[in-house]
Amino acid sequence: MSAPVAVAVLVMVVWGATPILTRLALEDMEPLVVATLRTMVAGLLAVPLLARLGQPLPRTRTPRRLLAVSAAAGFVVFPVVYTIGQERTSGLHGVMILAALPIFTGVYASLVARRRPARAWIVGSAVALAGEAVLIAGRGAAGGDATLVGDLIVLGAALVVSAGYVAGALLPPRGIPSSAATYWGVAIGALVLSPLFAGLVAADGLPRAGATAWGAVLFLAVVTSIVGYVGWYWALDRGGIQRIATLQFLQPLSGFALAAVVLGDRVTLPIAVGSVLIVTGILVAQRA
């Protein structure tokens with residue numbers, strides 16, 4: 001197993017817990033508080049990391065635009081929109097819908113490169129997307145927490161963040177290391193969200209949440225937003241965006257077990273069938 005593949009797999013294990021941890025945080029906090037707080041905490045941690053790294057903001061137009069897209073998509077739009085959607089669906093649905101990320105990421109990468117994806121990649125992605133359709137169509141069997149509106153909001157968040165992945169992966173070839181791309185991205189995201197966060201605190205004060213909720217937010221900020229993005233941008237750059245992106249289909253595997261054990265979500269027949277299709281899709285796509 002190559003280093004980029006190994007790093008990407010580890011990131012997927014971590015990111016598979018994101019829907020579950022978001023649900024745990026939402027038990028004691030409002031959605032906008034969770035969404036802004038994870039980015040604000042990550043942004044505060046990124047400042048000393050940037051100072052130690054000594055990497056200035058990019059000076060040319062293209063890297064600046066790529067950084068703006070990655071920051072907006074990954075650390076502003078995604079946390080806010082995704083958290084709102086996750087509140088309206090089940091933990092298992094959140095996990096499985098995010099499994100469509102490699103499809104969107106691969107399509108965006110093809111558009112940027114102006115190159116048609118390989119046939120195996122198209123077939124594998126189609127099979128995995130069919131699994132997503134089975135999952136959403138069976139939302140009624142997944143428990144009272146899952147709604148079509150919540151599923152579609154999470155899906156929209158996935159479409160946005162995929163564009164951010166591609167933008168972030170295009171920064172290292174332009175002289176911006178994956179660590180700097182992550183630190184600057186989360187710092188910019190925190191700056192953008194700071195007025196909203198200040199308004200929420202002014203209106204309701206700091207959330208009175210339990211240790212579990214605060215621990216979930218801290219994990220989302222440090223591990224998901226900082227460590228995860230550094231590893232993911234590095235793997236996409238070193239291993240190729242389309243090839244590494246298909247490994248995102250592995251993300252549900254860790255989230256699956258956590259959703260069932262921690263949140264008590266039931267593994268229904270549509271979820272099981274959708275999972276089989278998704279795993280089959282990644283095996284086919286990896287042959288590309």
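Proximity of Trp232 to Trp15: side-chain heavy atoms (C-beta onward) are separated by under 4.5 Å at one or more points. Side-chain atoms of Tyr229 and Ser178, non-hydrogen and from C-beta on, never get closer than 4.5 Å to each other. Residues Tyr233 and Leu171 fail the side-chain proximity criterion, which asks for heavy atoms closer than 4.5 Å. The shortest side-chain heavy-atom distance between Glu30 and Asp204 does not fall under the 4.5 Å cut-off. A heavy-atom distance below 4.5 Å is found between the side chains of Thr89 and Val154. In this structure, Leu37 and Trp214 have side chains that are in contact, with non-hydrogen atoms separated by less than 4.5 Å. The shortest distance between side-chain heavy atoms of Pro207 and Asp28 does not fall below 4.5 Å. Val166 has its side chain within reach of Ile241: a pair of non-hydrogen atoms, C-beta onward, lies under 4.5 Å apart.
Note that CG of Leu247 and CG of Leu101 are 13.0 Å apart. Values are rounded to the nearest 0.5 Å. The CE atom of Met29 sits 10.0 Å away from the OG1 atom of Thr36 when rounded to the nearest 0.5 Å. Interatomic distance, CZ of Arg61 versus CG of Leu66, reported as 13.0 Å (0.5 Å rounding). The CZ atom of Arg116 lies 13.0 Å from the CG atom of Leu111; values are rounded to the nearest 0.5 Å. A distance of 12.5 Å separates CG in Leu67 from CZ in Arg174, rounded to the nearest 0.5 Å. With rounding to the nearest 0.5 angstrom, the CE atom of Met40 is 9.5 Å from the CG atom of Leu196.
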Before giving the answer on side chain to side chain contact (heavy atoms under 4.5 Å, CB included), spell out for Glu87 and Thr22 the whole-Å C-alpha distance, their side-chain angles and the decisive distance to 0.1 Å. CA-CA 8 Å; Glu87 186 194 30; Thr22 300; over 6 Å; no
Working note: Thr39 + Phe197, criterion side chain to side chain contact (heavy atoms under 4.5 Å, CB included); need CA distance, chi angles, decisive distance, verdict. CA-CA 10 Å; Thr39 298; Phe197 179 72; over 6 Å; no
Show your working on side chain to side chain contact (heavy atoms under 4.5 Å, CB included) between Val127 and Val284 and close with a plain yes or no.
CA-CA 9 Å; Val127 172; Val284 173; 5.6 Å; no
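The shortest non-hydrogen separation linking Ile176 to Ala180 is CG2-CB, 4.0 Å. The minimum heavy-atom distance linking Ile244 with Ala235 is given by the pair CG1-O, 3.4 Å. Residues Pro102 and Ala245 come closest through the heavy atom pair CB-O, 2.6 Å. Here the closest heavy-atom approach between residue Ser162 and residue Ala158 is recorded as OG-O, 2.8 Å. Across Asp237 and Pro172, no two heavy atoms sit closer than the pair OD2-CB, 3.4 Å. Considering all non-hydrogen atoms of both residues, Val161 and Ala73 come closest at CG2-O, 4.1 Å.
Under the 4.5 Å side-chain heavy-atom criterion for ILVMFWY residues, no single connected hydrophobic cluster contains both Val47 and Ile226. Transitive grouping of hydrophobic side chains (ILVMFWY, heavy atoms separated by less than 4.5 Å) brings Leu32 and Phe78 into a common cluster. No chain of hydrophobic side-chain contacts below 4.5 Å, direct or via other Ile, Leu, Val, Met, Phe, Trp or Tyr residues, connects Tyr82 to Val69. Hydrophobic clustering places Phe75 together with Val14 (ILVMFWY residues linked when any side-chain heavy atoms are closer than 4.5 Å, directly or through intermediates). Residues Val227 and Val7 are members of separate hydrophobic clusters, defined by side-chain heavy-atom contacts under 4.5 angstrom among Ile, Leu, Val, Met, Phe, Trp and Tyr.
The one candidate from Ile103, Ile122, Val107 that meets the side chain to side chain contact (heavy atoms under 4.5 Å, CB included) condition with Pro117 is Ile122.
Side chain of Ser225 to backbone of Val222: no donor-acceptor contact under 3.5 angstrom is found. With hydrogens and angles ignored, the 3.5 Å screen pairs a side-chain donor or acceptor of Trp184 with a backbone N or O of Gln55. Distance alone, capped at 3.5 Å, is enough to place a donor-acceptor pair between the Thr182 side chain and the Val230 backbone.
For Arg64, the CZ atom counts as densely surrounded, since its 6.0 Å shell holds more than 12 non-hydrogen atoms of other residues, nucleotides or ligands.
Residues passing the side chain to side chain donor-acceptor pair (under 3.5 Å) test with Ser110, sequence neighbours excluded: Gln242.
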